[in-house]
Amino acid sequence: MENEKKIPYKIYLEESEMPTTWYNLRADMVNKPAPLLNPGTGQPMTAEELGGVFCEELVKQELDNDTKFYPIPQEIRDFYKMYRPSPLVRAYCLEEKLQTPAKIYYKFEGNNTSGSHKLNSAIAQAYYAKKQGLKGVTTETGAGQWGTALSMACAYLGLDCKVFMVKVSYEQKPFRREVMRTYGADVTPSPSDKTQVGRKILAEFPGTTGSLGCAISEAVEVAVTNPGYRYVLGSVLNQVLLHQSVIGLETKAALDKYGIKPDMIIGCAGGGSNLGGLIAPFMGEKLRGEADYEVIAVEPASCPSLTRGKYAYDFCDTGRICPLAKMYTLGCGFIPSANHAGGLRYHGMSSILSQLYDDGFMEAVSVEQTSVFAAARLFARTEGILPAPESSHAIRVAIDEAERCRESGKEETIVFGLTGTGYFDMVAYQKFNDGEMSDYIPTDEELAKSFATLPEMN
Ligand SMILES: *Cc1c(COP(=O)(O)O)cnc(C)c1O
């Protein structure tokens, strides 16, 4: 068509077109996500109780189901400008390779040093900690992207940063650790003997390679026992999805520039922050009945919280010291198989996404890690970017859907989130390249065991 604008490989936004507000999807949800509960009383956590652990402004955001738009403070917008807007890429080369009539786009969040979308929330959380006059923040990191992002944000603002890194990653990814230390963070392998809860877990499970839930317990303990410190979390929480809405808002603005309406939006789901952010404005339209999109969450078959989990109140951490969240969960005692290399190891899922999934507004699929790495390799060889294993879950399903379009001849428009790069995941890539990677799918029996760790109230 003569008038049809040729879609460029990369759709960029001007600085002036960048979002000035975050979008709070909860405001458009009829069934709101269930509140966090105090494990002692079974009552909803109050702002005062949460304030002992989290920064004040972040508590406000966490509890706010009603305010639709939050202005992004100017300082955060300025920081965003160093690496945003992130490109929305038309995957022409992948389409060609797959010989599909589908039109594939990906929003690439790996173009900053931390290598993932996590920086979008890290800078926001560090900013509010700084504004509150705190000395520093504590956190956990699994694969290492969140810890790196937070270290960068803290270095920028002059805050102290204490990171508990899941032991298996700490050992597998020494360079990730050095990046954090370069940015000034203090990095400890978890479980450690620095905390009461760490010592308890070590005594109970000697030789454990750790889990996110366990590192969370340690980081929270350090935050509440050190004056001037608060705990920050890189995923799962409502506030994190709020900050990550910048991904979806930019994506929508870029698509709107060319009049493109996606049929399908795909994202990987660990705790749900990138997916929740990517889909936010689209899901808002869907909830308000203005448009319809197929939304697909992709998770590892080895840690299948949405596809095989229970929708129940559960602890956010293994140590059972955090509040209870109602979410799709495998049980806070779930520790993914040690052969699982591809990230997305968290036992639960964002309450917002859990509610949307339970209400039928989105679908979920699980994929096995060898097929995920096969997709990663194909993507690297066609689009050039070396994807993070987490992101490659979304690539896998985008490719599957594009191949379905080839069979059916449908020209669907697919948008997926490419959340980061995989430079620090070369041990996993090496296993895959050497043919030594295997798949692990927990049996129903194993899951029954971890479901037994759900709190009794359910
Ligand atoms: C942390 C991370 C994820 C998963 O976390 P979500 O909160 O589910 O988005 C996905 N991809 C990358 C690159 C990550 O660093």
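Note that the coordinates shown come from a computational prediction; the quantities given were computed from them, not determined experimentally. For the numbers below, each heavy atom of this structure counts, side chains included, while hydrogens, waters and symmetry mates do not. In each ligand, atom 1 is the first atom listed, and ligand 1 is the first ligand listed.
Taking 4.0 Å as the cut-off, A143 does not count as a neighbour of ligand 1 on heavy-atom distance. The shortest heavy-atom distance from Q244 to ligand 1 is not under 4.0 Å.
An N or O contact shorter than 3.5 Å links G272 to ligand 1 by distance. Taking distance alone, with nitrogen or oxygen atoms compared against 3.5 Å, G270 approaches ligand 1 more closely than that limit. Geometrically, ligand 1 and G271 share a nitrogen or oxygen pair separated by less than 3.5 Å. At a 3.5 angstrom cut-off on N or O pairs, N274 counts as close to ligand 1.
Of the protein's non-hydrogen atoms, T419 OG1, 3.2 Å is the one closest to atom 13 (C) of ligand 1. If you check which protein heavy atom lies closest to atom 10 (C) of ligand 1, you get E390 CB, 3.4 Å. Looking only at protein heavy atoms, the nearest one to atom 7 (O) of ligand 1 is S235 OG, 2.4 Å. Closest to atom 4 (C) of ligand 1 among all protein heavy atoms lies L344 CD2, 3.5 Å.
Ion pairing of D256 with K252 is present here, as a side-chain N (NZ or NE/NH1/NH2) and a carboxylate O approach within less than 4.0 Å. The pair D28-R26 does not meet the salt-bridge criterion, since no charged nitrogen lies less than 4.0 angstrom from a carboxylate oxygen. Taking 4.0 Å as the cut-off between side-chain N and carboxylate O, K194 and E221 do not count as a salt-bridged pair.
Residue K118 touches ligand 1 through its side chain alone, judged by heavy-atom distances below 4.0 Å. Proximity of V236 to ligand 1, defined as any heavy-atom pair under 4.0 Å, is not found for any part of the residue. Only the side chain of S116 comes within 4.0 Å of ligand 1, judged by heavy-atom distances. Residue-level proximity to ligand 1 for A269 is carried by the backbone, the only part with a heavy atom below 4.0 angstrom.
Checking T148 against R176 by side-chain atom types alone, a donor-acceptor pair falls below 3.5 Å. Checked by atom type, the side-chain pair S86/K107 shows a donor-acceptor distance below 3.5 Å.
Atoms of ligand 1 lying under 4.0 Å from at least one heavy atom of C268, given by number and element, are 10 (C). Residue-ligand proximity, Q145 to ligand 1, at heavy-atom distances under 4.0 Å covers atoms 13 (C), 15 (O).
Between F69 and Y23, the angle of the ring planes lies from 30° to 60°, which puts this pair in the tilted group. Between Y80 and W22, the two ring planes are perpendicular [angle over 60°; tilted spans 30° to 60°]. Using cut-offs of 30° and 60° for the angle between ring planes, the Y92 and Y9 rings count as tilted.
Shown here is K68, whose NZ atom has more than 12 heavy atoms of other residues, nucleotides or ligands within 6.0 Å.
Of the candidates E62, E56, E57, K60 forms a salt bridge (Lys or Arg N to Asp or Glu O under 4.0 Å) with just one, namely E57.
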